[in-house]
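Have a look at the structure below, then the notes.
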Number of protein chains: 2
Amino acid sequence: MPAISNKGKSMPQSPIRKLVPFAEEAKKRGVKVFHLNIGQPDIKTPQVALDAVKNNTLEVVAYSRSEGSEEYRNKIANYYAKNDITVNANDIIVTTGGSEALLFTFGSIMDEGDEVIIPEPFYANYNGFSIASGITVVPVISKIEDNFALPPISAFEKLITSKTKAILICNPGNPTGYLYSKDEIKKLAQIVKKHDLFLIADEVYREFAYDGSEHYSVMQEEGLEEYAIMIDSVSKRYSMCGARIGCIVSKNKAVIETALKFAQARLSPPTYAQIASEAALETPQSYFDDVINEYVSRRDILIEELQKIEGVKVAKPKGAFYCIVELPVNNADDFAQWLLEHFELNGQTIMVAPAAGFYSTKGLGLNQIRIAYVLKKEDLIASVNILKEALKKYNG
Amino acid sequence: MPAISNKGKSMPQSPIRKLVPFAEEAKKRGVKVFHLNIGQPDIKTPQVALDAVKNNTLEVVAYSRSEGSEEYRNKIANYYAKNDITVNANDIIVTTGGSEALLFTFGSIMDEGDEVIIPEPFYANYNGFSIASGITVVPVISKIEDNFALPPISAFEKLITSKTKAILICNPGNPTGYLYSKDEIKKLAQIVKKHDLFLIADEVYREFAYDGSEHYSVMQEEGLEEYAIMIDSVSKRYSMCGARIGCIVSKNKAVIETALKFAQARLSPPTYAQIASEAALETPQSYFDDVINEYVSRRDILIEELQKIEGVKVAKPKGAFYCIVELPVNNADDFAQWLLEHFELNGQTIMVAPAAGFYSTKGLGLNQIRIAYVLKKEDLIASVNILKEALKKYNG
């Protein structure tokens, strides 16, 4: 019997995958499970996007251009212009989600064994994309005590080797909710220019910046044109995760030309989803205002309630819709499973993402979980109450 | 300025990519270009699939399951049962096109430097997927004189090394149109079992088998359960190339479990396209009967007309909708460009795919082109007439 690859064996499973059967069992027992574990928003997709697909007049669902339709790319460029990012259609390759954008980027700039430095905790699938691409993630630790701010530049410099090809940030961050300041982006710009590295920024949560803080893109930083690669996606912005449309944006011509070759090999991004995504660009500002207000009030109530629990530590997120929560437990993995297997409060329990999967350094994040505040406020309040009572029982 | 990767530099461009600007120039001059170069059928997508998307009631375009929805996978399994292929939903992972299915397969069974043996000429993007996956294509030559039948087993055995992990076939074949016989599949089954290799079969053209010949799938071959991996797609079957839905099918649990990890990392296949693909399974048989009749008559007229041209050699395809044509020219690449740049007949010309890009062995296929018979009959007749007159002038 032929064997699978070492690469395949090394591919990580999603941090919550092994909890799924326990959640299913709990539901079978009649327990209601609040899902704090996933980044699938409950927010409605903009009507203009839904309607565009319902009213489409395709008779042949044909390939689009490998780089995405010119019309759509022109419109994305307009959207960026409104966000103070000056690019044109030729700087953009439309991809099947942010996932494919990152895979093409890794393939375009890194060879087997090359290294990318990523502040941890980071989006767990960066591990999977790295292994699939044959490259190595080198983590630089950011801390809950600092709200997960950018680690000092000296910490990055200690990690740079001849194999280092890029620094990757997620801004605002999943799972931390941290929003990098203009000053922090400038520090990163300096270091990548000094060491001739790419700066990859996953900016899929751009719109989700709270408390009046402004998102500062790597694409806005002057002098960074040849170094900056932005990863983007419609998934969170328009609550259409299932569309699977993202893009790579860079002023570096060699990067775009190379990524295009990867794009050509897989033929085209999905056609229906491009119709939805193009229409979504017409979403009125009121939609975003409502969504942001909703997330801010969810965040505020979540953090307020969490801070009332003894022994719980939480950084107040400034963006996205996640937060990392430190719990008075030794092993959040066990605790998360126990919540589903052995606990209920008035017939309800919660599913959370153990945070160890968001760290690359062994032993970090063992007492942390990630909470996605993608549920309505009353459910968040009920969820935090369940967490409080569960901790009492678990530690009692 | 940071550099792109060697992998990126090695990624091949599509064999027709460099012809595209010449085709655009020709159109600007007012010349009508018949596109014989692409596998984008002009056939209408089944109404049932188009309607399902138009009538969808999604309010949140959410992620589907990474492996595809259970309902859709169950229905695919039923479709296979009708094709004498016995699998269940757990043997199937829904992917973003056949492209992603092949990428996940390569990642799951091969490590950097491993080898896959492929009869050439082969679908050019196999090269791109191989480079992206860090693996090496080892070609085994099939010949136009033999209609591109399976090369002798001894030719395969000469190429097997400790790095060989799989044999990959496309059946029916793009670009050859060759349909492997049951006997040929049995020969391949023997060799992969003897040498402990996987047999990957790209069967996206399954329905396009002509002249009463039956398609025999690697999934039908008894005793091959642990060795066979089938790549499939809705693109050609339902003329919905832009949907981007395919799948991996295997009875080998380790392969499916491993491919699932790659699928989880990229989250999910596109949701709208799954709606279309699920509905497409209800396409009435009359649709396929009409389509097959149309392709057979296109093929017949194409081959008949081509055979009238002096110095042209063509193998009669038994499946798919391509054929390889040998021309009385030294360099089909130059000829293809010349057709667009310098030739027209009554204001018309043709765009063809030079076949060298479908070969891995340097120097092979230089005098061959691939023709996709995805145009209506009168356009095919006009196209072959253009080819005939062009050859006279080019060689005159």
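Letters go in sequence order (proteins before strands), and every chain restarts at 1. This one's a predicted model, so the numbers in the text were calculated from it and none came from an experiment.
- For B/Asp42, the part lying under 4.5 angstrom from a heavy atom of chain A is the backbone only.
- In terms of heavy-atom pairs under 4.5 Å with chain A, the best-connected choice from B/Leu102, B/Leu267, B/Leu103, B/Val192 is B/Leu267.
- Contact count against chain A (heavy-atom pairs under 4.5 Å) is highest for B/Asp111 among B/Asp111, B/Ile109, B/Thr258.
- Only the backbone of B/Leu197 has a heavy atom closer than 4.5 Å to any heavy atom of chain A.
- By number of non-hydrogen pairs under 4.5 angstrom with chain A, the leading residue of B/His195, B/Met240, B/Gln47 is B/Met240.
- The nearest pair of heavy atoms linking A/Arg17 to B/Gln264 is NE-NE2, 2.8 Å.
- In this structure, chain A has a heavy atom under 4.5 Å from the side chain of B/Leu260, while its backbone stays farther away.
- Contacts between B/Pro41 and chain A at a heavy-atom distance below 4.5 Å involve the backbone alone (N, CA, C, O).
- When all heavy atoms of A/Ala265 and B/Phe129 are compared, the closest pair comes out as O-CZ, 3.1 Å.
- Only the side chain of B/Ser99 comes within less than 4.5 Å of a heavy atom in chain A; its backbone stays farther off.
- Side-chain contact between A/Lys54 and B/Lys54 is absent, with no heavy atoms from C-beta onward closer than 4.5 Å.
- Using a 4.5 Å cut-off between heavy atoms, B/Ser239 touches chain A through backbone and side chain atoms alike.
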- request: Any chance you could lay out the side-chain contact (heavy atoms from CB on, under 4.5 Å) test for A/Asn252 and B/Met1, step after step, and finish with the verdict?
  value: CA-CA 9 Å; A/Asn252 182 312; B/Met1 185 166 140; 4.1 Å; yes
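- Between chain A and the residues B/Gly134, B/Pro2, B/Ala243, B/Ser133, the largest count of heavy-atom pairs under 4.5 Å involves B/Pro2.
- Only the backbone of B/Ala3 comes within contact range of chain A, judged by heavy atoms closer than 4.5 Å.
- Under the rule for a ring pair (Phe, Tyr, Trp, His ring centres under 6.0 Å), B/Tyr227 has no partner lying at least two apart in sequence or in another chain.
- Considering only heavy-atom pairs separated by less than 4.5 Å from chain A, the leading option among B/Lys193, B/Gln274, B/Lys165, B/Glu226 is B/Glu226.
- Heavy atoms closer than 4.5 Å to chain A are found in both the backbone and the side chain of B/Ser5.
- Interface residue A/Ser268: backbone and side-chain heavy atoms are both found under 4.5 Å from chain B.
- Checked by atom type and distance alone, the side chain of B/Arg266 never pairs as donor or acceptor with a backbone atom of A/Glu100 at under 3.5 Å.
- Nearest heavy-atom pair across B/Lys9 and A/Lys261 is O-NZ, 3.5 Å.
- Across all non-hydrogen atoms, the minimal contact from B/Phe262 to A/Gly8 is CE1-CA, 4.1 Å.
- The contact list for residues 55-67 of chain A toward chain B, using heavy atoms and a distance under 4.5 Å, reads A/Asn55, A/Asn56, A/Thr57, A/Leu58, A/Glu59, A/Val60, A/Val61, A/Ala62, A/Tyr63, A/Glu67 by residue number.
- Heavy atoms closer than 4.5 Å to chain B are found in the backbone of A/Pro12, but not in its side chain.
- With respect to chain A, the highest number of heavy-atom pairs below 4.5 Å among B/Cys241, B/Gly128, B/Ala166, B/Gly98 belongs to B/Cys241.
- Both the backbone and the side chain of A/Thr45 come within contact range of chain B, each with at least one heavy atom under 4.5 Å from a heavy atom of that chain.
- Using a 4.5 Å cut-off between heavy atoms, B/Met110 contacts chain A through its backbone alone, with no side-chain atom that close.
- Contacts of A/Met11 with chain B are made by both backbone and side-chain atoms, with heavy-atom separations under 4.5 Å.
- Applying the 6.0 Å contact sphere to NZ of A/Lys253 captures more than 12 heavy atoms from other residues, nucleotides or ligands.
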